[in-house]
Amino acid sequence: MAVGLASSFLEPLEATSIHGTIGQLICLTEWMDQLGAGERYNATAARQVEDFRDFVRLHYVSERRDTAYWRDVTASHPPVVTERLEKWSRKFPSREDFEPFPLGLAHVQEQLYVPVLNGLGLLSQDLARAEMARDPKLRQRARETHASLVAEYSRAAEKCLPHRAWLESLHKETVA
Ligand SMILES: Cc1cc2nc3c(=O)[nH]c(=O)nc-3n(C[C@H](O)[C@H](O)[C@H](O)COP(=O)(O)OP(=O)(O)OC[C@H]3O[C@@H](n4cnc5c(N)ncnc54)[C@H](O)[C@@H]3O)c2cc1C
């Protein structure tokens with residue numbers, strides 16, 4: 001059994017390492033006195049890193065084809081990435097689209113995919129609206145979450161120096 005960087009490494013675009021390691025340790029301690037723990041642990045660790053890889057690969061879905069690099073990236077997406085994108089062009093991503101992770105541990109699921117898809121312009125706004133219309137409670141929760149985030153960030157921003165003022169304060173310290 002291998003844990004952390006000894007088990008796998010992925011480029012840190014999504015910083016999955018610490019979360020992954022904690023998940024591995026939970027599985028290890030939960031299963032270590034059971035028969036077949038090694039196989040179970042290794043299969044789970046392999047699934048974990050493959051799911052992280054697919055999530056990281058999503059970030060490389062781009063319309064760029066202007067260099068050999070981007071053409072190669074586009075031609076080599078894991079099939080699950082293109083299959084999911086095709087599925088999510090017809091339905092809004094949901095928890096049911098993901099195989100549950102062992103021990104009910106938090107994993108890369110719709111809660112992480114939706115913001116990334118949205119940022120990449122790959123989330124259909126029409127599907128999002130239809131999802132809200134289908135479930136009034138969801139719309140209400142989305143409104144409340146949005147309002148509380150705006151309030152929280154506004155409170156934090158009020159306490160912060162503007163970026164330029166902060167840089168100028170550093171410059172003054174350096175000159176002094
Ligand atoms: C600047 C920076 C920012 C990061 N930010 C994030 C983040 O935001 N989120 C995230 O998830 N991850 C982040 N990471 C990655 C994450 O910190 C590492 O992947 C994680 O700490 C690796 O833990 P590990 O225990 O597997 O390996 P390590 O922390 O590398 O531990 C390996 C240990 O083994 C020891 N060792 C090596 N060789 C031997 C030997 N022959 N004998 C005995 N001991 C040995 C080393 O001294 C070390 O103590 C970041 C990393 C860096 C550098």
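Because the structure is predicted, anything quoted here is derived from the model rather than measured. Both ligands and their constituent atoms are indexed starting at 1 by order of listing.
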With Glu144 as reference, evaluate Gln140, His146, Arg141 under the side chain to side chain donor-acceptor pair (under 3.5 Å) test and give the passing residue.
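Per the side chain to side chain donor-acceptor pair (under 3.5 Å) rule, the option paired with Glu144 is Gln140, out of Gln140, His146, Arg141.
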Establish whether [atom] and some protein heavy atom are separated by less than 4.0 angstrom.
{"atom": "atom 7 (C) of ligand 1", "answer": "yes"}
{"atom": "atom 33 (C) of ligand 1", "answer": "no"}
{"atom": "atom 44 (N) of ligand 1", "answer": "no"}
{"atom": "atom 12 (N) of ligand 1", "answer": "yes"}
{"atom": "atom 19 (O) of ligand 1", "answer": "yes"}
{"atom": "atom 49 (O) of ligand 1", "answer": "no"}
{"atom": "atom 2 (C) of ligand 1", "answer": "no"}

Which of the listed options, Thr21, Leu10, Leu5, holds the heavy atom that is closest to atom 22 (C) of ligand 1?
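Result: the heavy atom closest to atom 22 (C) of ligand 1 is in Leu5.
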Taking the basic N atoms (NZ, or NE/NH1/NH2) and the acidic carboxylate oxygens, is any pair closer than 4.0 Å for Arg57 and Asp54?
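Salt bridge: no.
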Do Asp135 and Lys137 meet the salt-bridge criterion of a basic N to acidic O distance under 4.0 Å?
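Result for this pair is no, no salt bridge flagged.
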In terms of ring plane angle, is the pair Trp166 and His163 parallel, tilted or perpendicular, where the classes change at 30° and 60°?
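Because their plane-to-plane angle is under 30°, the rings of Trp166 and His163 count as parallel.
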What is the ring orientation for Phe52 with His107, classed by angle as parallel under 30°, tilted 30 to 60°, or perpendicular over 60°?
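Phe52 vs His107 ring planes: tilted.
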Contact check: Ile18 vs ligand 1, nitrogen or oxygen atoms, below 3.5 angstrom:
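Right, the criterion is met.
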Numbering the atoms of ligand 1 from 1, which are under 4.0 Å from a heavy atom of Ser17?
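Every atom of ligand 1 under 4.0 Å from some heavy atom of Ser17: 11 (O), 12 (N), 16 (C), 18 (C), 19 (O), 20 (C).
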Would you mind running through ligand 1 and noting each atom that sits below 4.0 Å from a heavy atom of Gly4?
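Listed by number with element: 26 (O).
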Around Tyr153, counting heavy atoms of other residues, nucleotides and ligands shown, do more than 12 lie under 6.0 Å from its OH?
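Not buried by this count: 12 neighbours or fewer within 6.0 Å.
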Donor-acceptor under 3.5 Å (Asn118 side chain, Val114 main chain):
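No; zero donor-acceptor contacts below 3.5 Å.
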Mind checking whether Phe101 and Gln48 have side chains closer than 4.5 Å, heavy atoms only?
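In contact.
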Which protein non-hydrogen atom lies closest to atom 9 (N) of ligand 1, naming both residue and atom, and how far is it?
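Here the closest protein heavy atom is Ala15 CB, 3.3 Å.
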